[in-house]
Amino acid sequence: MHNLSHDLLDPRLAASGGDGASPMTDAHSLAQHQRKLRAFRTDETGLSFASLALFAEPLFDLYDLDPAAAFDLFEHPDDADEATVAVLEAARVLWAYLSLPPKARAARHDALAAFLLGPDPEPGDEADLDRLLDAAETHWDALTPDDVALAEGVDAETLGFDALLAHPAFAHAAEDHTAEGAAEHPDEPTYGPNRLGEMEARALFAQPLLEDETDLDALDAAMERADEYWTLAHLRGPKREAHLDEIVEAFAADEAGAAALRAEAERMAERFGSLFPEQA
């Protein structure tokens, strides 16, 4: 849905009631549309479809669209229009964003705006984004921990904000990291059963290190460690041990920190193996 300002926030589209979206004329747009549908209908991003549809209701209301269209989409995916899919995509990204601690939200606000508004927002788009956030946040604040646990209680891992933006169904088409893009570049490695490109795989791999960080410096440090652990997971034997020693020397301040880093590295190596066994 990238470029919400030119799609969902377009008053002509909002007035269509979910039935007047412009046709998709190229194969790539159609493939992306179908990829998003599959992600929503199969709970692939770790959020149940029913919970996503309910969470999206204030967004449908905000743009004078029919909330029932979301449930129609589940039953009749071939008839799903772009407006309905765009609202669900916005709702899923906002769920991930609002799941972040407040300080982390502030750190990722620009990424949220870039995703929803695109690289060239028009005058007034920021105000529209604020309205969108207010509507979603009001609904989010009304959810109980049990509501959230039930919504995320599906087989797939619930993707955090950064991992979600890197998911093939959400990543910028220009980045060409979708499964379809990977098929066009067979020499590039893919990861896991969903054939993730490296960017998506890295984001999913790093999620446990990033999701609880609220301090910007700590977030940067966690991202640096995630990069090092990613490299470590691809090494074997003496090279792996040597690289682990380098990580400890670079990041540990004392013996306790070194022990913690080695334990964290082991957990992340196990995570890599469980996520991407064919690469482990």
Side-chain angles (χ1 to χ4, degrees), residues 1-9 36 39-40 44-47 51-52 55-56 58-59 62 86-121 125-141 143 145 148 151-152 156-175 177-178 196-230 268 271:
M1 176 196 61
H2 298 290
N3 226 345
L4 182 63
S5 59
H6 299 154
D7 291 332
L8 184 59
L9 297 184
K36 291 169 189 176
F40 297 142
E44 183 181 325
T45 66
L47 188 67
S51 296
L52 174 63
F55 182 68
L59 278 62
L62 185 63
V87 174
L88 289 173
E89 186 177 23
R92 181 63 187 91
V93 170
L94 287 166
W95 180 286
Y97 177 77
L98 293 169
S99 297
L100 295 169
K103 287 184 179 180
R105 288 185 203 172
R108 304 305 291 140
H109 183 272
D110 287 348
L112 177 72
F115 180 87
L116 293 178
L117 301 179
D120 300 306
D125 283 349
E126 287 289 346
D128 287 325
L129 177 60
D130 288 342
R131 289 194 301 131
L132 187 71
L133 267 171
D134 287 344
E137 191 166 4
T138 297
H139 194 174
W140 176 261
D141 289 342
L143 297 176
V148 174
E152 297 180 351
E157 180 177 2
T158 302
L159 300 184
F161 182 73
D162 290 297
L164 185 70
L165 294 195
H167 185 277
F170 293 79
H172 267 290
E175 292 168 347
H177 284 285
T178 63
L196 302 180
E198 183 172 331
M199 182 184 71
E200 296 92 350
R202 280 176 173 267
L204 179 59
F205 171 73
Q207 185 174 340
L209 300 181
L210 307 181
E211 59 189 1
D212 294 328
E213 294 294 354
T214 59
D215 178 77
L216 288 178
D217 291 338
L219 186 63
D220 286 342
M223 292 176 69
E224 289 183 29
R225 296 200 312 279
D227 287 342
E228 295 294 347
Y229 296 149
W230 176 268
M268 293 302 290
R271 175 174 175 79

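Scope of the values below: all heavy atoms of this structure, side chains included, with no hydrogens, waters or symmetry mates.
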With heavy-atom distances below 4.5 Å as the criterion, would you say the side chains of H139 and L59 are in contact? no

Does K36 come within less than 4.0 Å of E44, counting only side-chain N to carboxylate O? no

Decide side chain to side chain contact (heavy atoms under 4.5 Å, CB included) for M268 and L209; before the verdict, give the C-alpha distance in whole Å, the side-chain angles of both, and the deciding distance to 0.1 Å. CA-CA 9 Å; M268 293 302 290; L209 300 181; 4.0 Å; yes

How long is the gap from OG1 on T45 to NE2 on H167, to the nearest 0.5 Å? 6.5 Å

Which value, rounded to the nearest 0.5 Å, describes the distance between L116 atom CG and D125 atom CG? 10.5 Å

Can you name the residues that form a side-chain contact (heavy atoms from CB on, under 4.5 Å) with A206, not counting sequence neighbours? L210, A226

OG1-CG distance between T138 and L143, expressed to the nearest 0.5 angstrom: 11.0 Å

The criterion is ring-ring contact (aromatic ring centres under 6.0 Å, His included); which residues satisfy it with F161, sequence neighbours excluded? Y97

Between atom CG of L164 and atom CH2 of W95, what is the distance when rounded to the nearest 0.5 Å? 12.5 Å

Report the residues that fulfil side chain to side chain donor-acceptor pair (under 3.5 Å) with S51, sequence neighbours left out, ordered by chain and then residue number. S48

Taking the side chain as every heavy atom from C-beta outward, state whether E152 and V148 have any pair of such atoms under 4.5 Å apart. yes

With the side chain counted from C-beta on, respond yes when T158 and L47 share a heavy-atom pair under 4.5 Å apart, and no when they do not. no

Closer than 3.5 angstrom, by distance alone: can the side chain of R105 be matched with the main-chain N or O of L98 as a donor-acceptor pair? yes

Do E126 and L117 touch side chain to side chain, with heavy atoms closer than 4.5 Å? yes

Sorted by chain and number, sequence neighbours left out, side-chain contact (heavy atoms from CB on, under 4.5 Å) with E228 holds for H243, I247, F251

So, taking the atom named CG in L165 and the one named CG in L159, what distance separates them when rounded to the nearest 0.5 Å? 10.0 Å

Correct closest heavy-atom pair for W140 and S99 would be CH2-OG, 3.3 Å

Worked verdict on F40 versus E89 for side chain to side chain contact (heavy atoms under 4.5 Å, CB included): CA-CA 8 Å; F40 297 142; E89 186 177 23; 3.9 Å; yes

Between CZ of F170 and CZ of F115, what distance do you get to the nearest 0.5 Å? 6.5 Å

Sorted by chain and residue number, the side-chain contact (heavy atoms from CB on, under 4.5 Å) partners of E157 (sequence neighbours excluded) come out as L204, Q207, R271, L275

What is the minimum heavy-atom distance between A56 and A91, and which atoms define it? CB-CB, 3.6 Å

Lys/Arg N to Asp/Glu carboxylate O, R131 vs D128, below 4.0 Å: yes

Mind checking what makes salt bridge (charged side-chain N to carboxylate O under 4.0 Å, His left out) contact with R202, not counting sequence neighbours? E198, D227

